[in-house]
Amino acid sequence: MTRSAGMTAGLQLASTAVSFGSSLLYARVLGPHGFGLYAYVTAWTMLLTIPAAMGMPSYLVREGAGRPGANSSLRRWADVRVMLVGGILALVLAVLYWVPVVGRARLLFLIAAPIPMLAAMGQVRESLLRSLNRIVASQWPKVLGPLVMVLSMLSLWLWRGRLYPWEVMVAALAGTLLIFVVGHVQLKRVVRAQVPAPAPRLSVRAALPFMVMGVLFLVNNKADIILLGTLRGPHDAGIYAIVARAAAFVTFFAGAVNTVIAPRVAALYREGDRAGLQRLLTASARRVLIFSLPFAMVFLAAAEPLLVFLYGSAYAAGAWPLRILTLGFMSIVFAGSTAVIANMTGHERATLYSVGISVGLNIALNLILIPILGMNGSAIATGTSFIVFNIFQWYWVRSRIGLRPSVLGF
């Protein structure tokens, strides 16, 4: 599992590098206007992928873990529902072609119409592979798709000397389709070797809390930047956006480990192996701390020179927000995999309550503190919301499930 977590972290790092490189290429080649059109439509497709998936990814990891023969039935059950909702959303995006207010983005909306459905169906296959402990197999297509996309666009630009936004959107559609196809082929190969078994009792209603959770986490991650930009202007928001992305790297290894252990948590809990589950949680939490602490120490001790070296002296004002956010993100590391534990043991509503409280607190504190403290106030608000979320999650896991998720074993 440690090797799998390391490989997963490597793949996620590669995915981040490809994403950064592609954004540099498209921003430079398309220009501000063309890249703005592409980014605008892409943001809509990312947002609509959440309702298209209907919370299925996390739900399928939990229900498929320890049930290898049922994955084919799970896939068919999920596909029918994702195709229905995704088809409706695709129609909505396609209709925007005839809406005058959309302007020059209308063709891009038409091309992007199938992306939410294809992305959601790709997530279904990723989740089912994860439930079978094929973690690396589930993750590498997410690097392959964007990599093929950016290489094809780079080749076209080098050959012709320019790119158009609609061409980049076609490449994005092709990349999403590639992720879906590769995931489907991998899952078919794995399932073919399994003895068929009936699927467990499934319910869309049981999956919906995961969808709501996804929306709330998205809001919680973007509320500070949106409110800071609204109340203090784009200059502060630009600095803060860089700082927030840097501070989030503290939880990079936590995310990789959670991807690996989620199906194992579900399987051990279903088997009733509380001792094995507790050993897994304590060991993984301590390993995450070992890898995350050096980054946190660097951010706390050398925030200002680090920002000046990487981004220039204009970003030096982000030093204290970086330190504050780092402390907030470290609460996630110290608390352990609380959200994974709750979600994989059938207590996802506890996570939903926690993130709901966190979002409300985050927005309220941002509105209060930004006019007074600016970027520092926004960082305090967001960091506080992270800490409150993890306190609530720790309490639910400790009291309702009887497990000790934290690094210190309590």
Side-chain angles (χ1 to χ4, degrees), residues 15-16 18-54 56-57 78-126 141-185 211 214-215 218 222:
S15 178
T16 302
V18 171
S19 175
F20 179 71
S22 63
S23 65
L24 285 179
L25 173 66
Y26 302 148
R28 288 179 176 273
V29 175
L30 296 177
H33 181 72
F35 183 70
L37 291 175
Y38 169 74
Y40 174 67
V41 177
T42 300
W44 272 105
T45 61
M46 292 174 64
L47 181 63
L48 292 179
T49 298
I50 296 176
M54 294 185 294
M56 295 287 182
D79 278 351
V80 170
R81 288 151 181 83
V82 169
M83 289 176 68
L84 176 61
V85 177
I88 295 172
L89 294 174
L91 183 61
V92 171
L93 287 175
V95 167
L96 290 177
Y97 179 83
W98 288 275
V99 177
V101 73
V102 174
R104 296 186 179 182
R106 58 175 61 185
L107 179 59
L108 273 64
F109 274 113
L110 186 62
I111 297 170
I115 289 181
M117 181 180 67
L118 288 173
M121 294 179 72
Q123 290 175 10
V124 166
R125 281 137 185 87
E126 175 198 344
K142 296 196 296 184
V143 179
L144 177 66
L147 182 60
V148 170
M149 172 188 171
V150 69
L151 289 178
S152 63
M153 290 295 97
L154 179 61
S155 301
L156 182 60
W157 174 62
L158 292 174
W159 173 62
R160 196 178 59 191
R162 67 174 306 174
L163 291 176
Y164 297 99
W166 69 267
E167 294 173 327
V168 180
M169 189 56 68
V170 169
L173 174 60
T176 306
L177 179 61
L178 180 61
I179 294 172
F180 162 71
V181 170
V182 173
H184 183 77
V185 171
M211 183 189 75
V215 174
L218 182 64
K222 302 299 182 183

Say you draw a straight line from CG of Leu93 to CD1 of Ile111; how long is it, rounded to the nearest 0.5 Å?
12.0 Å

With a 4.5 Å heavy-atom cut-off, do Leu108 and Pro165 have their side chains touching?
yes

Nearest 0.5 Å please: distance from the CH2 atom of Trp44 over to the CZ atom of Phe109.
7.0 Å

Mind checking whether Gln123 and Val82 have side chains closer than 4.5 Å, heavy atoms only?
no

Distance check, rounded to the nearest 0.5 Å: Leu25 atom CG versus Trp157 atom CH2?
6.5 Å

Test side chain to side chain contact (heavy atoms under 4.5 Å, CB included) on Met54 and Val85; report intermediate values, then the result.
CA-CA 8 Å; Met54 294 185 294; Val85 177; 3.4 Å; yes

Indicate yes or no: at least one non-hydrogen side-chain atom of Thr42 is less than 4.5 angstrom from one of Met169.
yes

To the nearest 0.5 Å, what is the distance between CE (Met153) and CG (Leu30)?
10.0 Å

Under a 4.5 Å cut-off applied to non-hydrogen side-chain atoms, are Leu144 and Val182 in contact?
yes

What heavy-atom pair brings Ser152 and Ala171 nearest, and what distance separates the two atoms?
OG-CB, 4.4 Å

So which heavy atom on Ala94 is nearest to which on Leu110, and how close?
CB-CD1, 3.9 Å

Between Gly145 and Leu178, what is the shortest heavy-atom contact and its length?
CA-CD2, 4.1 Å

Do Arg162 and Glu167 sit within salt-bridge range, that is, some charged N less than 4.0 Å from a carboxylate O?
no

Compare all side-chain heavy atoms of Arg125 with those of Asp79 and state whether any distance is below 4.5 angstrom.
yes

Please report the interatomic distance CG(Leu154) to OG(Ser22), rounded to the nearest 0.5 Å.
11.0 Å

I need the Ile115 CD1 to Leu173 CG distance, nearest 0.5 Å.
5.0 Å

Can you name the nearest heavy-atom pair linking Pro141 to Pro146, along with the distance?
O-CD, 4.3 Å

Flag the pair Thr49 / Met117 as yes when at least one side-chain heavy-atom distance between them is below 4.5 Å, and no otherwise.
no

Specify the closest pair of heavy atoms between Pro116 and Thr45, including all atoms of both residues, with the distance to one decimal.
CG-O, 3.9 Å

Pro57 versus Glu126: any side-chain heavy-atom pair under 4.5 Å?
no

Closest heavy-atom contact between Leu118 and Leu177?
CD2-CD1, 4.1 Å

